Amino acid sequence: ALGARLNPYVFHLASVLLRTIATATVFAILCRTTKKIWPSLAGATLFAVHPLQVESVAFVGALNTVLAGALALSAIWLYLKSTAGNSRPWFSPAYILGTLLFVLAMLSKPAAIVTPALAFLLDRLANRRGIRAAIVSILPWFVLAIPCLVWTHQLQGGATIAIAQPLWARPVIALDSSSFYIRKFFWPMHLGIDYGHTPAVLLQQSHAWLILPIGLLLLIGFLRRRLPLIATGVGLFFIALLPNSGIVPFDYQQFSTTADRYVYLSMLGVAVVLADCLARADWRTGLAIVIAIFAALGILTELQIRNWRDGETLFRHAIEVNPDSWLSRSNLANVIMDRSPDEAIAQCRSAIQSQPDFTPAWGNLGSALIIKGDKPAAVLAFAKAYQLDSLTPPFAANYARALADTGHYSESAKIYRQILMRDPASPQARAGLERALSGH
């Protein structure tokens, strides 16, 4: 119903449950690949508790990340189960159910399109299958991924034109993004929701850090025969990053190419590497190292969770991480404007200075000015928001309401009529039109 509030605890509970399913599935996959329980448990624990994973679980707006992750990981596990000792797995119940979960994962989030490649690498290693047999088994999944590529391109194609980079620049952006995640994995400090790593910013920075992913890939290529499982884990890490690495432009790049939630599936590869390293080490030494690492990660994860306790804390922390985050400044203004309109106005103007065409910042500025009592200035802010985006009902309604409040009834009525043309059932627009026509 209009005006109803959704209970956030329901979404957080769903996120935690999906996270639990994903972690249990990672443990099952690691058991199948390493054949050892305690290293697999350590790898799954790393997948669960690393601070980079906090955003995916705490951010209810990213619920599709943990949903797609749980579905994709479950699909991989069922696939590995169906292909073990079976040269024709297509009609087995596990294969059919895994295929269904894979399709649902893509429908949840297009980034799950990498699932066939992840399953192929793990199948080769866990089930000791030859390349030809593995390709034949996984081929139907690659075919099913083609429609996802098509509809994702159609849905995002127009929106990504402005942020698309030339083809020569995209590998540089992808390597830089990979380097960023590698550094954050080993030093998970100053994690935020908006790093500001847009393609333009990335291309202007020093590329010295590119040596990290390039060197890692070269090293693993050299050691792939001696350390096949570790090489596979590194391959899983990089492949899972591909959809949001910058190789192909995507919507969120207008804010940042990098975001913690994009590393969610890639952590499966890290878990594989850790599990194999522990499987090779003396268990006493390995256990001591794991306890020390997980103690540190647990503390950092708890600190990161605290940044998500409410909107104001989240956005203030985001601004500390990235002072140029106009998205966070606009969102912070929206949260605090009722009790701190002066600060909200200042935050909106700072956001507008960084990004003059960011419509929500103009809308929030107008709302804060209304609370402050400066209606003429609010009209100008709402007019700018309406100029930038006249099709979004809230921006149009705010402008129409502000015009009526300042006595511009004919202009207000005109905008309300435009809103009703798009949404004839809107009670707010009808009430606003009646007010504008009555002139009071």
Side-chain angles (χ1 to χ4, degrees), residues 52 55-56 59 61-62 65 109-111 152-153 155-185 187-214 238 240-264 266 314-334 347-364 385 388-389:
L52 277 174
E55 178 178 290
S56 300
F59 180 25
T65 298
K109 188 171 185 176
T152 301
H153 175 73
L155 290 174
Q156 292 199 358
T160 57
I161 292 177
I163 55 178
Q165 297 295 315
L167 291 177
W168 66 264
R170 296 184 189 180
V172 177
I173 295 172
L175 287 170
D176 194 285
S177 301
S178 301
S179 172
F180 173 86
Y181 292 123
I182 293 171
R183 284 176 281 152
K184 287 297 182 182
F185 170 77
W187 188 249
M189 303 292 289
H190 306 295
L191 302 180
I193 59 171
D194 176 15
Y195 294 111
H197 291 174
T198 62
V201 170
L202 290 177
L203 291 175
Q204 292 173 359
Q205 293 178 343
S206 169
H207 301 308
W209 285 109
L210 296 187
I211 193 174
L212 276 178
I214 294 174
F238 283 106
L241 282 179
L242 282 176
N244 297 114
S245 65
I247 287 290
V248 177
F250 55 95
D251 285 349
Y252 194 72
Q253 280 187 290
Q254 63 182 304
F255 305 110
S256 180
T257 301
T258 54
D260 293 354
R261 61 187 177 276
Y262 295 150
V263 81
Y264 189 82
S266 291
L314 176 65
F315 297 127
R316 289 194 186 281
H317 175 72
I319 293 170
E320 289 179 8
V321 173
N322 176 21
D324 296 327
S325 177
W326 37 273
L327 173 64
S328 299
R329 291 188 180 277
S330 176
N331 288 338
L332 175 61
N334 187 44
Q347 292 289 356
C348 287
R349 285 176 173 160
S350 179
I352 290 167
Q353 185 176 6
S354 299
Q355 189 70 14
D357 293 337
F358 187 50
T359 311
W362 285 103
N364 289 333
L388 292 170
D389 185 358

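From a predicted model like this one, the values you see are computed outputs, not experimental measurements. The first residue of the sequence shown is numbered 1, and numbering continues consecutively from there.
- Applying the side chain to side chain donor-acceptor pair (under 3.5 Å) rule to Asn331 yields no partners; only residues at least two apart in sequence or on another chain are considered.
- Annotation: ring pair (Phe, Tyr, Trp, His ring centres under 6.0 Å) contacts of Tyr262 (sequence neighbours excluded): Phe250.
- Between Trp326 and Phe358, the ring-plane angle classifies as perpendicular under the 30° and 60° cut-offs.
- The CD atom of Gln347 lies 6.5 Å from the CZ atom of Arg316; values are rounded to the nearest 0.5 Å.
- The two residues His197 and Ser256 come nearest to each other via the heavy atoms N-OG, 3.2 Å.
- A heavy-atom distance below 4.5 Å is found between the side chains of Pro199 and Thr257.
- Under the ring pair (Phe, Tyr, Trp, His ring centres under 6.0 Å) criterion, Phe185 pairs with His50, not counting sequence neighbours.
- Contact of the Val321 side chain with the Leu191 side chain is not registered, since no non-hydrogen atoms from C-beta on lie closer than 4.5 Å.
- In terms of the side chain to side chain contact (heavy atoms under 4.5 Å, CB included) criterion, residue partners of Asp176 (sequence neighbours excluded) are, by chain and number, Leu202, His207, Leu210.
- Not counting sequence neighbours, the partners of Leu388 by the side chain to side chain contact (heavy atoms under 4.5 Å, CB included) test are Asp357, Thr359, Trp362, Lys384.
- The 12-atom threshold is exceeded at CG of Leu203, counting heavy atoms of other residues, nucleotides or ligands nearer than 6.0 Å.
- We find the CZ-CD1 distance between Phe238 and Ile182 to be 4.0 Å, quoted to the nearest 0.5 Å.
- Atoms OG and CG, from Ser178 and Leu242 in turn, are 7.5 Å apart once rounded to the nearest 0.5 Å.
- Inter-residue side-chain proximity for Lys184 and Thr258 is flagged as unmet; no heavy-atom pair is nearer than 4.5 Å.
- Between the CG atom of Leu332 and the SG atom of Cys348 there is a distance of 9.0 Å, given to the nearest 0.5 Å.
- Taking all atoms of both residues into account, the shortest heavy-atom contact from Lys109 to Thr65 is NZ-OG1, 2.8 Å.
- The main-chain N or O of Asn364 is never found under 3.5 Å from a side-chain atom of Asn334 such that the two would form a donor-acceptor pair.
- The two residues Pro171 and Leu167 have their closest heavy-atom pair at CD-O, 3.1 Å.
- The closest donor-acceptor contact from the side chain of Arg329 to the backbone of Pro323 lies under 3.5 Å.
- Residues Val248 and Gln253 approach most closely at O-OE1, 4.1 Å, considering heavy atoms.
- For the atom pair Trp168 CH2 and Ile173 CD1, the distance stands at 8.0 Å (nearest 0.5 Å).
- Looking at Tyr181 and Ser266, their side chains never come closer than 4.5 Å, going by heavy atoms from C-beta outward.
- Taking the side chain as every heavy atom from C-beta outward, Tyr252 and Arg261 approach each other to under 4.5 Å.
- In this structure, OH in Tyr264 is found 15.0 Å from CG in Asn244, a value given to the nearest 0.5 Å.
- Scanning all heavy atoms of the two residues, the minimum distance from Ser177 to Ser245 falls at OG-O, 3.1 Å.
- For the side chain to side chain contact (heavy atoms under 4.5 Å, CB included) test, residues two or more places apart in sequence or in another chain that qualify with Asp324 are Asn322.
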